[in-house]
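A quick note: this is a predicted structure, and the numbers were derived from the prediction, not measured. Basis for what follows: all heavy atoms, side chains included, without hydrogens, waters or symmetry-related copies. Atoms within a ligand are numbered from 1 in the order they appear, just like the ligands themselves.
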Amino acid sequence: MLRFPLIVLNFKVYPEVIGENCIRLAKYAEEVADEYGVGVAVAPPITMLSRVVNSVGIPVFAQHVDPYLPGSWTGSTIVEMIKECGAVGSIVNHSERRVLLADISMVIKRLKENGLIPLLCTDTVDTTRAGAALYPDILAVEPPELIGTGIPVSKAKPEIVVGAVDVVKKINPSIHILCGAGISAGEDVAKAIELGTEGVLLSSAYVKAKNPKSILSSMAESAVKAWEKNQSSR
Ligand code: G3P
């Protein structure tokens with residue numbers, strides 16, 4: 001279902017992703033995935049989830065899901081709902097949508113029981129260690145202070161990326177590790193892969209770009225090159 005290296009595009013709720021433009025951005029992502037043979041997934045706003053799923057063939061994630069069972073939880077979004085929309089999984093505990101530790105564990109469990117993929121976000125090496133012990137399928141380390149800055153974590157804080165890769169490998173090497181925050185160009189993606197990740201989670205550089213397809217193409221090209229280099233040096 002997922003292909004690596006993987007570029008996950010979190011659309012957040014930027015003005016650029018309200019309405020038809022959200023579909024356009026998802027379609028570009030699909031075109032780039034096909035053209036470069038790289039994994040690209042999108043996480044549209046919840047109101048666009050079904051429409052995006054029905055418009056593209058690439059994996060679509062929810063940005064957040066609540067831990068509750070179906071019932072009287074007004075205003076909530078639960079696992080069964082995103083599954084019914086056709087999402088493949090959900091981001092969990094994004095730094096802009098923090099979740100209590102007990103709820104993180106519950107959401108991961110509920111997603112997996114429903115055959116969906118938890119993509120857990122952490123912000124430090126220590127929280128990555130704790131998060132890896134909850135066995136998400138994918139873990140993305142993102143220092144919040146770099147989010148939306150255009151300063152890439154892979155260059156500005158490589159020690160966090162390397163530290164996160166290291167603890168994940170020790171705790172459960174089957175977890176796929178990504179990094180994010182400030183990823184803006186192909187070279188940032190290549191650097192993330194050189195540091196041992198299997199891809200990136202990013203938002204503003206794609207969603208707010210004048211030419212999103214061109215920036216994503218350059219990221220995909222760099223990802224494939226860095227990935228092949230890593231594989232051949234193993
Ligand atoms: O979920 C991705 C995100 O938090 C990073 O955002 O805008 O720095 O790529 P950005």
Check your understanding: Just wondering, are more than 12 heavy atoms of other shown residues or ligands nearer than 6.0 Å to NZ in K213?
Key -> yes
Exercise for review: Return yes or no for this condition: an N or O of H94 is under 3.5 Å from an N or O of ligand 1.
Suggested key: yes
Point to revise | Within-cut-off N or O pair, E142 and ligand 1, under 3.5 Å | key: yes
Exercise for review: For residues V17 and P44, determine if any side-chain heavy atom of one lies less than 4.5 Å from a side-chain heavy atom of the other.
Suggested key: no
Practice item. Compute the minimum heavy-atom distance from A181 to ligand 1 and say whether it is under 4.0 Å. Key: yes
Review point. How about L216 and I7: do any of their side-chain heavy atoms sit closer than 4.5 Å?
Key: yes
Practice item. Kindly check if the number of other-residue, nucleotide or ligand heavy atoms within 6.0 Å of NZ (K109) is above 12? Key: no
Check your understanding: Going by the order shown, which atoms of ligand 1 are within less than 4.0 Å of some heavy atom of L201?
Key -> 1 (O), 2 (C)
**Study point:** Student check: side-chain heavy atoms of L116 and S90 closer than 4.5 Å
**Key:** no
Practice item. Kindly confirm or rule out an N or O of G182 lying under 3.5 angstrom from an N or O of ligand 1. Key: yes
Point to revise | N10 neighbourhood, listing ligand 1 atoms whose heavy-atom distance to it stays under 4.0 Å | key: 1 (O)
Check your understanding: Are the side chain of S154 and the backbone of D188 linked by a donor-acceptor contact shorter than 3.5 Å?
Key -> yes
**Study point:** Residue and atom name of the nearest protein heavy atom (relative to atom 7 (O) of ligand 1), distance in Å to one decimal
**Key:** S204 OG, 2.4 Å
Check your understanding: Do G148 and ligand 1 have an N or O pair less than 3.5 Å apart?
Key -> yes
**Study point:** Nearest-contact summary for atom 9 (O) of ligand 1 - protein heavy atom, Å
**Key:** S203 N, 2.8 Å
Point to revise | Contact check, side chains of I23 and S55, non-hydrogen atoms, under 4.5 Å | key: yes
Exercise for review: Report the nearest protein non-hydrogen atom to atom 6 (O) of ligand 1: residue, atom name, distance rounded to 0.1 Å.
Suggested key: K12 NZ, 3.4 Å
